[in-house]
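Below: one structure, written as structure tokens.
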Amino acid sequence: MTPVYLQKSTSVKINLILPFKILPMKKTCLAAILILTNYCVFAQKIEKVITQKYVGELIKTLSSDDMQGRATFTPGIDKAASFIENEFKKIGLKPLTGEKSFRQSFAKVQLKPAESIVTLNGKTIDPTNIMAFGNTAENFSLDQSSRTPIIKLTASKPFMEQFRSLSRSNKQQVVLVDPALSSDFKRIKARLDQGSIVDSKDITTNPNAIVFILDPASEALNYKIVLKNTMLNMPLFNVAGMIPGKSKEKEIVVFSGHYDHLGIIKAVDQDSIANGADDDASGTTAVIALAKYYKKLKNNERTLIFVAFTAEEIGGYGSQYFSSRLNPDDVTAMFNIEMIGKDSKFGQNTAYITGFDKSDFGAILQKNLKGTEFTFNPDPYPEQNLFYRSDNATLAALGVPAHTISTVQIDGDKLYHTVKDEFSSLDVNNIFSTIKGIAKSAGTIVNGTDTPKRIPKLTN
Ligand SMILES: [Zn+2]
């Protein structure tokens with residue numbers, strides 16, 4: 001698709017040269033020495049605590065075939081969670097307030113269509129010709145005495161167009177579908193038959209379900225519909241730990257990445273495991289490595305939370321639950337890290353920040369990186385809506401300066417969401433340098449001297 005290697009890297013270099021050029025000679029040397037010394041001390045320190053080898057081993061383990069692609073609700077993700085928990089334990093993090101362990105557990109309910117019995121104008125309908133949208137009840141029944149509106153879908157308009165407008169209506173309806181539309185009907189039915197994941201509070205005995213019946217009938221003089229769903233309690237867990245702040249304990253800085261991925265998908269060259277090495281074992285690795293670094297540093301004035309989110313790929317449930325468990329006003333900033341496994345389009349030692357202009361988070365990070373080899377840029381893919389496509393979105397909507405840091409060339413990465421997103425395709429050096437860039441740039445937020453501006457809250 002779009003060629004990826006483009007401009008901007010020139011402005012990146014200007015940042016490094018500028019402080020030396022504008023100062024008089026003597027001061028220049030002093031400034032240069034100070035900046036360099038500062039950076040060298042810092043670089044030395046971080047490399048003493050986390051090494052490229054350590055980073056490589058973390059990501060290799062998380063993306064190994066042994067973890068089976070870490071799909072939510074599978075044994076593979078359980079294994080990954082245990083691994084992360086064990087790392088947090090070795091590092092010496094504390095569980096979050098109110099939690100006994102590093103697993104922040106919650107549950108969802110999976111609803112799956114199990115039985116459909118429909119008679120229409122005295123005729124029994126084959127269950128393969130019945131589907132229901134929005135049925136959040138275990139048992140659902142309906143007959144003509146309900147005076148539910150009956151709608152007929154004709155073949156004169158595309159099925160999807162009619163289906164979409166009906167599904168948005170949120171009204172109970174019975175829809176007769178012309179058999180000429182059967183191929184689209186079957187396609188949507190296959191998707192609905194996979195079931196849906198809902199909150200237990202959304203289960204109701206009286207949902208506004210839309211029942212579609214594939215049949216040539218043009219009216220429903222009498223009918224009876226009985227639908228049954230199976231309900232399955234589905235356990236989920238984020239893995240989270242913290243380092244309490246020394247003087248500003250109530251102010252929280254979050255470092256996050258999602259540890260779930262797609263699991264087993266369609267095989268390519270006999271490989272069916274979507275390892276998700278870049279997406280997002282790389283970000284999870286950064287979270288663990290940063291935890292190790294800050295724990296050793298022991299100078300965080302603010303409280304630091306390190307969290308590996310579950311279920312990002314299937315709807316962001318992990319970050320939604322995490323956000324519901326704290327007061328967003330207490331969160332000073334969120335560094336969400338997604339896909340840092342390969343060079344960004346700006347070249348080596350660069351990454352970008354989504355939603356750059358929504359707060360001054362990015363500007364603070366850039367300021368803290370002056371005089372170092374690393375640079376943060378604004379997200380170069382605004383049309384891709386990346387700000388809303390990761391786990392930062394929930395907290396950002398609640399007003400937190402919550403941004404995602406990434407290096408992925410999203411418009412051209414052929415390995416994205418394929419079985420080929422494997423450890424061997426990554427550049428561990430890039431991951432390591434991005435982690436160091438984040439550690440350095442977060443310094444003044446961690447030590448409480450900088451507080452990024454809030455993002456305007458989204459109201460429903
Ligand atoms: Zn993904």
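One-based numbering, in listed order, for ligands and for the atoms of each. The basis for the numbers below is simple: all heavy atoms, side chains too, and nothing from hydrogens, waters or symmetry mates.
- Two residues are said to be in side-chain contact when any heavy atoms from C-beta on lie closer than 4.5 Å; Phe306 and Ile243 meet this criterion.
- Of the charged side-chain nitrogens involved, none lies within less than 4.0 Å of a carboxylate oxygen, so that Arg389 and Glu338 do not count as a salt-bridged pair.
- Remark: Glu85 engages Arg103 in a salt bridge, criterion side-chain N to carboxylate O under 4.0 Å.
- Looking at Asp279, its N, O or S atom nearest to the Zn ion (ligand 1) turns out to be OD2.
- If you put the vertex on the Zn ion (ligand 1), NE2 of His417 and OE1 of Glu313 sit 80° apart, to the nearest 10°.
- Metal site remark for the Zn ion (ligand 1): Glu338 contributes no N, O or S atom at a distance under 2.8 Å.
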Legend entry - salt bridge (charged side-chain N to carboxylate O under 4.0 Å, His left out) between Lys112 and Asp193, worked out: CA-CA 6 Å; Lys112 232 178 182 175; Asp193 281 350; over 6 Å; no
